[in-house]
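Down below is the structure, laid out as structure tokens.
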Amino acid sequence: MSRTAPAPSPSIVWFRDDLRITDHPALRAAMEAGPTFALYVLDEESPGIRPLGGAARWWLHHALAELRRALESIGVPLVLRRGPAAAVVPAAAAEAGAGSLFWNRRYGGGERRADAAVKQIARSSGLRAESFQASLLHEPWELTNRQGGPYKVFTPFWKELSSHDFRHPLPAPEPQQVPERVPRGDGLEQWGLLPGDPDWSAPLAEAWAPGPGTALRLLEEFADDSLADYSEDRERPGRPGTSRLSPYLRWGHVSPFEVWDAIGRRRREAPGGSAAFASELGWREFAWHQLYHHPDLAAVNLRREFDAYPWWSSEDGGDQAELLERWRCGRTGFPLVDAGQRELWSTGWMHNRVRMVSASLLVKNLGIDWRLGEQWFWDTLVDADPASNPFNWQWAAGCGADASPFFRIFNPLTQEKAHDPDGEYTRRWIPELGSPDYPEACVDLKESREEALDAFRSLPKGRP
Ligand code: FAD
């Protein structure tokens, strides 16, 4: 009589904002524990998890298709499920008879609550459940100021953070045998992540190739070719002077440890560029640390005295609704801002300098609530992330952590002269520039500046 041994319990690696196979501690731990399958859950139901915007959904579709290919190459099938994580993950584990569950940590409030619930349910049903650090260089609860609270100012935060040594990135795991029991999943097409009619995604597909393969190539190319000139070129939206890694970092196609390592290897050849670039990674960390400590970052002014600022909001009605629309579609009459807004609508990305100028015009000259701008970016950016987006909007509005002082109101015309002196950028995005088809400026810069400063001066002082 022949007796076959029962199939070993598979391990699960639960993928979230870490869609890669290199430098993935949870994937390695799962594969060390035995045959592994990967799970991705589209969770639009757990409280406090922000539903993805349109451009992000487009990115996610292609990213999952690429991740599936990468995982297949190491013997790990990818299972897609939809629903609240606290119900879906334990159910998939039970169906597969899984013995262990691994994931890399997330830092948003709703995400942390969902993860804690999954961990508790998993452990109470006898599953080994473990989480790892992979998406930030430093855990937010470990890096605090002298009083034990979060850093409020970037410079001391960065000084402290960058004085640490970080681990070396981990290679992709060796291929192994596919597990015998893999639960059924949804088809990617069933999720309807791609736009239907109208399909606005063609320029996105021209601009980007989501997935970990492109991310690592882009990182190496940038580090070899552009890092040396980064300090200077990063302020020129008409030039390819920045890395364009933001969506790849946002979706975790590349880890911050991999970026840190690649930059560190060029420190000798490009000392200025590496230091400037590393500190941008520092801003990303700073934004995530703020979100960890303030889970309502997208809704509530960090400086509460700004609660009294008379920003216009949609329910107020009036002319501002039209101004908001002109800003969204790049018809404000200020070329740098309009070029940026059109770049965003077309490609799902906008240069950082232009994001700052565009945000300043909206919240200061047009007097529109920063939350409306933040929501527009959330819907249209391929790199929209729950920390960097609200953090930077609060920075631009003057109400955030280490924010741009309110009285520093960018003049979009002066900014254009300084950062796009030859008009390379504005002409690329505004073909009708200089013709009667291009609109007049939608606001008087001087008057609106004075009004904003008056409103700022009238805020109550000293509220923590
Ligand atoms: P690089 O100059 O090559 O920088 C390298 C990396 O550093 C970036 O990929 C990014 O991960 C990080 N980084 C750079 N600047 C910042 C910053 N100010 N804050 C946080 N991280 C930074 N970035 C996002 O990733 N997601 C967002 O949703 C987002 N929303 C923004 C909204 C506003 C109003 C503003 C002013 C900025 C926003 N940023 C956001 C930050 C920044 O504009 C983008 O990260 C940057 O333009 C990405 O281009 P890059 O990868 O070529 O940058």
Side-chain angles (χ1 to χ4, degrees), residues 17 50 52-53 55-56 59 108 135-137 154 157-158 207-208 215 218-219 221-223 225-227 229-237 239-256 258-260 262-263 273-291 297-298 327 337 340-341 343-344 347-364 368 370-404 410 415:
D17 297 329
R50 202 170 173 184
L52 295 174
W59 188 285
S135 306
L136 291 181
L137 293 170
F154 177 73
F157 168 85
W158 181 234
W208 305 102
L218 212 64
L219 171 62
E221 279 174 12
F222 170 77
D225 305 338
S226 310
L227 195 58
D229 298 324
Y230 176 75
S231 309
E232 208 180 300
D233 284 356
R234 62 185 289 266
E235 293 294 2
R236 299 292 289 271
R239 295 182 187 166
T242 67
S243 69
R244 294 171 69 91
L245 279 170
S246 52
Y248 298 92
L249 273 161
R250 187 274 171 238
W251 294 99
H253 296 325
V254 60
S255 86
E258 290 173 312
V259 179
W260 184 264
I263 299 312
S274 339
F277 186 83
S279 93
E280 293 308 316
L281 264 194
W283 280 101
R284 176 179 177 274
E285 296 273 320
F286 192 53
W288 278 101
H289 284 222
Q290 298 301 323
L291 180 70
L297 193 64
W327 175 81
V337 172
Q341 292 299 131
E343 178 179 32
L344 172 63
T347 68
W349 187 86
M350 193 197 296
H351 188 277
N352 181 58
R353 166 62 46 181
V354 190
R355 292 188 203 201
M356 294 195 297
V357 178
S358 183
S360 168
L361 184 87
L362 186 81
V363 297
K364 294 180 178 169
I368 292 175
W370 62 265
R371 281 157 282 230
L372 291 170
E374 197 273 344
Q375 184 60 43
W376 181 248
F377 273 30
W378 179 260
D379 285 340
T380 50
L381 278 173
V382 287
D383 65 24
D385 93 35
S388 296
N389 199 39
F391 169 83
N392 277 289
W393 273 95
Q394 292 225 30
W395 181 90
C399 55
D402 205 0
S404 170
F410 287 119
Q415 287 288 313

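We count ligands from 1, going down the list as the structure has it; atoms in each ligand are counted the same way.
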To the nearest 0.1 Å, how far is [atom] from its closest protein heavy atom, and which atom is that?
{"atom": "atom 17 (C) of ligand 1", "result": "Asn392 ND2, 3.7 Å"}
{"atom": "atom 1 (P) of ligand 1", "result": "Tyr230 OH, 3.6 Å"}
{"atom": "atom 15 (N) of ligand 1", "result": "Glu280 OE1, 3.0 Å"}
{"atom": "atom 3 (O) of ligand 1", "result": "Ser243 OG, 2.6 Å"}
{"atom": "atom 32 (C) of ligand 1", "result": "Asn389 OD1, 3.4 Å"}

What do you reckon, does [X] put a non-hydrogen atom under 4.0 Å from ligand 1?
{"X": "Trp349", "answer": "yes"}
{"X": "Arg250", "answer": "no"}
{"X": "Ala384", "answer": "yes"}
{"X": "Arg244", "answer": "yes"}

Side chain, backbone, both or neither: which part of Phe277 has a heavy atom under 4.0 Å from ligand 1?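 The part of Phe277 near ligand 1 is the side chain, not the backbone.
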What part of Met350, side chain from CB on, backbone N/CA/C/O, both or neither, has a heavy atom under 4.0 Å from ligand 1?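 Within the 4.0 Å criterion, Met350 contacts ligand 1 through backbone atoms alone.
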Using a strict 4.0 Å cut-off to heavy atoms of Asn352, name the atoms of ligand 1 that fall inside it.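 Going through ligand 1 atom by atom, the ones under 4.0 Å from Asn352 are 37 (C), 41 (C), 42 (C), 43 (O), 47 (O).
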Tyr230: which residues meet the ring-ring contact (aromatic ring centres under 6.0 Å, His included) condition with it, sequence neighbours left out?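 For Tyr230 the ring-ring contact (aromatic ring centres under 6.0 Å, His included) partners, ignoring immediate neighbours, are Phe222, Phe277.
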What residues form a salt bridge (charged side-chain N to carboxylate O under 4.0 Å, His left out) with Asp233, not counting sequence neighbours?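 In terms of salt bridge (charged side-chain N to carboxylate O under 4.0 Å, His left out), with neighbours along the sequence ignored, Asp233 is linked to Arg239.
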